Amino acid sequence: LNFERIQGKVLFTSNQAQIERAVGYLGGGKVVGTGGALVEGLKLQRFRLELRGQNITAPLPKNFITTGDAEVKVTSVREGEAFNTLIEGTIFAKRSIYTKDIDLADIISSRRDGTISEGTTPAVFGVPRLDIRLQGRDALVVRNNLADLTASLDLRVTGHVDYPIISGRVTANSGTLFFRSDRYEVQRGTVEFPPQTNGEPIVNLQVETDIKGYQVFVNLAGELSNLDGLTATVRSNPALPQADVVSLITTGSLSNSETGITTTGINTAAEVITDSLINNPIRKATDKLFGLNKFEIDPILSGRRLNPTARLTVGRQINKNLAVTYSTNLSEDQNQVLAFEYRVSNRLSFVAQYEQGSLSNVTRNNNNFSFEIRLRKRF
């Protein structure tokens, strides 16, 4: 970050320097600064700098591109040979965009970093203390492999720069989350940051989706980085046993159907998320090698009851609404399905599917083509 085209007036006395008004540009936005400094015996004793910026665009925080206004004050007082520096103020975010892909396994295994200045040279004015308020209504935009949503944020960053404490809340009232091949519409989602250095963010998420004609609702609550502490509540409309709803989410089929599995219930979110953790590393490798951003091997017995086997699914999300997938049983007697899905909205989609059935069954037509219009309406 560099200031450009700085113009201003500085008044000097025997022991003071006063900035009446300085104007410059930072990240394409205009910044106006005022302040002053006190010098005694050729040593800087204290200084104060007030900055007001408009429409500043900066790559902050890391992996974000943020545009907004800022009102920040920096004060520093010499205490012996060191300075006591405080950075305080408010940042009003207009838009903060995050587009980097996220690995769910990294989130679950992550912990807060101990310091944000580790490995850097010591600051000229010591390690500053922070008291920054970050606000933005519908300002946070996430568009990556896991989400397409907008959220509001109200956060406070306090403590030393080396060990900042982030507290507050991020709230999403709409948007889409992607899990396996399904899109989950966000009804409400919050991430709470407790005001402790070692406190883990707490998520409370309510989403819904449509799987095989069933409206499925999922509530997640707890620490996302701790699967054992993350609880999940699932239900469906029309109502199904919980085991069937879990099977729909994890395999796309009912537990009592020909292609489903039998589950014993759900105590934690591990039963819902574990499948994604198994397949994600393989999916990332196939995306680099073959351009396939969907690669799943159901680590359970599926397929017809008379010939159970694991099932392979590969495909690509061509754009936000169009996806193509190919699925087959991993056996000599394969059941192969090629499908194209175009999603107009959360309530309307079109699916074209070609299925080549079991070659051993010669009494029926093994090649089937179908076209579906899926429309959901609440009454």
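What you see is a predicted model; the values in this text were computed from it and never measured. Residue numbers start at 1 and run along the sequence shown.
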What are the two closest non-hydrogen atoms of [X] and [Y], and how far apart are they?
| X | Y | answer |
| --- | --- | --- |
| Thr85 | Ser76 | OG1-OG, 2.8 Å |
| Ala17 | Val10 | CB-CG1, 4.4 Å |
| Tyr25 | Arg5 | CG-NH2, 3.6 Å |

Within a strict 4.5 Å, meaning less than it, do heavy atoms of the [X] and [Y] side chains meet?
| X | Y | result |
| --- | --- | --- |
| Thr176 | Val186 | no |
| Asp131 | Ile87 | no |
| Gln16 | Leu11 | no |
| Val142 | Asp148 | no |
| Tyr326 | Val337 | no |
| Thr233 | Thr231 | no |
| Phe350 | Val344 | yes |
| Ile165 | Phe193 | no |

Check for me, please, whether [X] and [Y] land in the same ILVMFWY cluster - side-chain distances under 4.5 Å, paths through other members count.
| X | Y | value |
| --- | --- | --- |
| Ile19 | Val23 | no |
| Val170 | Leu149 | yes |
| Leu146 | Val203 | yes |
| Leu153 | Val141 | no |
| Leu177 | Ile202 | no |

Roughly how far apart are [X] [atom1] and [Y] [atom2], rounded to 0.5 Å?
| X | Y | atom1 | atom2 | value |
| --- | --- | --- | --- | --- |
| Phe217 | Thr209 | CZ | OG1 | 10.5 Å |
| Arg21 | Gln7 | CZ | CD | 11.0 Å |
| Arg169 | Ser152 | CZ | OG | 11.5 Å |
| Leu26 | Asn2 | CG | CG | 8.5 Å |
| Asp138 | Arg95 | CG | CZ | 8.0 Å |
| Thr66 | Lys94 | OG1 | NZ | 13.0 Å |

Lys73 vs Thr75, test: side-chain contact (heavy atoms from CB on, under 4.5 Å). Steps then yes/no. CA-CA 7 Å; Lys73 180 170 67 174; Thr75 56; 4.0 Å; yes

Under the side-chain contact (heavy atoms from CB on, under 4.5 Å) rule, what do Leu44 and Phe83 come out as? Steps first, then yes or no, please. CA-CA 10 Å; Leu44 180 65; Phe83 280 87; 4.3 Å; yes

Just by distance, do the side chain of [X] and the backbone of [Y] share a donor-acceptor pair under 3.5 Å?
| X | Y | value |
| --- | --- | --- |
| Ser349 | Tyr342 | no |
| Gln353 | Phe369 | no |
| Asn144 | Lys100 | yes |
| Asn237 | Ala239 | no |

Go through Glu355 and Gln336 one step at a time and tell me if the side chain to side chain donor-acceptor pair (under 3.5 Å) criterion holds. CA-CA 6 Å; Glu355 178 180 5; Gln336 304 178 78; over 6 Å; no

Kindly indicate, with the supporting measurements, whether the criterion side chain to side chain donor-acceptor pair (under 3.5 Å) is fulfilled by Thr171 and Thr190. CA-CA 5 Å; Thr171 304; Thr190 61; over 6 Å; no

Do Asn219 and Arg235 pair up side chain to side chain, a donor and an acceptor below 3.5 Å, judged on atom types alone?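 Their side chains do not contain a donor-acceptor pair, so the 3.5 Å distance test is not met.
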
Can Arg183 and Asp210 be counted as an ion pair, charged N to O under 4.0 angstrom?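 No, this pair does not count.
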
salt_bridge(Glu50, Arg48) N-O dist < 4.0 Å: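 Result for this pair is yes, salt bridge flagged.
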
How are the rings of Phe64 and Tyr98 set to each other: parallel, tilted or perpendicular (split at 30° and 60°)?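 If you compare the ring of Phe64 with that of Tyr98, the planes turn out tilted.
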
So Val161 and Leu130, side-chain contact (heavy atoms from CB on, under 4.5 Å) or not? Walk me through it. CA-CA 7 Å; Val161 172; Leu130 300 173; 3.9 Å; yes

Of Val245, Asp244, Leu240, Leu220, which meets side chain to side chain contact (heavy atoms under 4.5 Å, CB included) against Val234?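 When Val245, Asp244, Leu240, Leu220 are each tested with Val234, the side chain to side chain contact (heavy atoms under 4.5 Å, CB included) holds only for Val245.
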
Is it the case that more than 12 heavy atoms not belonging to Gln54 sit under 6.0 Å from its CD atom?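 No, CD of Gln54 has 12 or fewer neighbouring heavy atoms, counting only those of other groups under 6.0 Å.
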
Heavy atoms from other residues, nucleotides or ligands near CZ of Arg156 exceed 12 (cutoff 6.0 Å):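 No, the 6.0 Å shell around CZ holds no more than 12 heavy atoms from other groups.
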
Go through Leu86 and Val74 one step at a time and tell me if the side-chain contact (heavy atoms from CB on, under 4.5 Å) criterion holds. CA-CA 6 Å; Leu86 173 64; Val74 183; over 6 Å; no

